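All remarks here apply to the structure that follows.
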Amino acid sequence: MISSVGRLNKPVLYGYYRSSCSWRVRIALALKGIEFEQQAINLIKDGGQQLTEQYKAINPMQQVPALSIDGITLSQSLAIIHYIEETRPEPRLLPADPKQRAQVRMICDIITSGIQPLQNLYVIQKIGTEKVQWAQHFINRGFDALEPILKKTAGQYCVGDEISMADICLVPQVYNAERFKVDMSPFPTMRRINQSLCEIEAFKVSHPSCQPDTPDDLRA
Ligand SMILES: O=C(O)/C=C\C(=O)CC(=O)CC(=O)O
């Protein structure tokens, strides 16, 4: 296992406390036991600090997260998590079995391509009115697909009994669903897995309620 010990600098995560994509990366770093520094990019303040020229040089997509690690700067949460997985393989975040690995990737893609981008701040701001209904629609559409998939793939967690990238994507998306007041009662499998994961230390320490940039009134 390559650890961050002995490396010149700690990785720097550019993120925002309640960005679900930033939270994914925080969970992965916590699960791997990698120490890192956080650089807060406030998505609201001053019209959005992600839109500054300074941040554009870090991530040309002007989104969080970005991670500076091992002398490179990466964006896109799953690309970041795959890099961490390949360079710091323990504990693994992809199952050994190819079918289960594919199932993990399928669940990740449903969330990271099929749900979250359609309900993120940028899209919600662009559509104007009916923001909540818009977000609820795309979250419900994705969750309607995820629930029967998880019924087949889940053990204790999304795929079998090992925590994987699918779980890293699930918990922040359920948090977003709760923010948008999505009725979770039709999704008992997701609720059960989410509850178990929320008890795990790596998910707790990375939660939006306890980050350096969490506003005082939202602190747990
Ligand atoms: O309301 C805010 O404070 C601003 C932005 C977010 O939380 C993050 C998102 O755009 C949603 C997401 O990460 O999926």
Side-chain angles (χ1 to χ4, degrees), residues 13-30 36 38-52 55-56 58-67 74-81 107-146 158 165-184 187 190 193-194 197-198 202-220:
L13 176 67
Y14 299 86
Y16 179 65
Y17 72 103
R18 69 173 168 187
S19 137
S20 63
C21 309
S22 304
W23 189 7
R24 290 176 198 148
V25 175
R26 294 196 301 264
I27 298 167
L29 290 166
F36 62 103
Q38 297 209 45
Q39 178 69 55
I41 305 298
N42 191 314
L43 301 184
I44 306 292
K45 203 177 149 202
D46 310 327
Q49 294 174 336
Q50 75 281 20
L51 303 178
T52 59
Y55 187 69
K56 197 176 180 183
I58 292 164
N59 181 4
M61 276 295 275
Q62 300 180 285
Q63 294 173 327
V64 289
L67 186 74
L74 294 167
S75 62
Q76 299 298 335
S77 61
L78 275 185
I80 294 169
I81 293 167
I107 293 162
C108 289
D109 280 354
I110 289 172
I111 295 170
T112 64
S113 307
I115 305 177
Q116 194 280 334
L118 299 164
Q119 54 93 106
N120 75 10
L121 178 69
Y122 186 81
V123 169
I124 293 276
Q125 282 176 341
K126 280 273 174 226
I127 58 131
T129 56
E130 299 188 354
K131 293 178 172 36
V132 173
Q133 290 92 323
W134 173 283
Q136 283 178 346
H137 171 79
F138 285 104
I139 294 171
N140 272 314
R141 182 170 176 270
F143 283 11
D144 280 341
L146 269 183
C158 283
M165 294 183 195
D167 301 294
I168 290 176
C169 292
L170 181 76
V171 169
Q173 187 58 56
V174 171
Y175 171 87
N176 275 358
E178 286 164 356
R179 264 184 86 186
F180 286 113
K181 310 255 182 296
V182 169
D183 174 14
M184 288 296 295
F187 313 117
M190 294 181 58
I193 299 167
N194 184 64
L197 289 164
C198 285
F203 289 77
K204 281 190 192 166
V205 296
S206 55
H207 194 277
S209 65
C210 58
Q211 298 312 302
D213 58 330
T214 306
D216 286 342
D217 56 327
L218 296 178
R219 278 193 179 272

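What you see is a predicted model; the values in this text were computed from it and never measured. As a basis for the values below, the full set of heavy atoms in this structure was taken, side chains included, without hydrogen atoms, waters or symmetry mates. Both counts, for ligands and for their atoms, begin at 1 and track the order of listing.
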Check: Side chain of Y55, backbone of Q63: donor and acceptor closer than 3.5 Å?
Finding: yes
Give every pair formed by an N or O atom of ligand 1 and a protein N or O atom closer than 3.5 Å, one pair per line with both atom names and the distance to 0.1 Å, or write none.
from     : atom 1 : to   : atom 2 : distance (Å)
ligand 1 : 1 (O)  : R179 : NH2    : 2.7
ligand 1 : 3 (O)  : Y16  : OH     : 2.8
ligand 1 : 3 (O)  : R18  : NE     : 2.8
ligand 1 : 3 (O)  : R18  : NH2    : 3.0
ligand 1 : 7 (O)  : R18  : O      : 3.4
ligand 1 : 7 (O)  : R179 : NH1    : 2.7
ligand 1 : 10 (O) : L121 : N      : 2.9
ligand 1 : 13 (O) : S20  : N      : 2.7
ligand 1 : 13 (O) : S20  : OG     : 3.2
ligand 1 : 14 (O) : S20  : OG     : 2.9
ligand 1 : 14 (O) : Q116 : NE2    : 2.7
ligand 1 : 14 (O) : Q119 : NE2    : 3.2
ligand 1 : 14 (O) : N176 : ND2    : 2.7

Next item on the list: Under the ring-ring contact (aromatic ring centres under 6.0 Å, His included) rule, collect the residues that match up with F36, sequence neighbours excluded.
Entry: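 Partners of F36 by the ring-ring contact (aromatic ring centres under 6.0 Å, His included) criterion come out as none, since no residue qualifies.
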Note to self: Rounded to the nearest 0.5 Å, what separates atom CZ in R24 from atom CG in L170?
What the structure shows: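 Answer rounded to 0.5 Å: 10.5 Å.
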Given side chains that start at C-beta, do those of [X] and [Y] come closer than 4.5 Å, heavy atoms only?
X	Y	answer
F187	D144	yes
L197	V174	no
Q39	I58	no

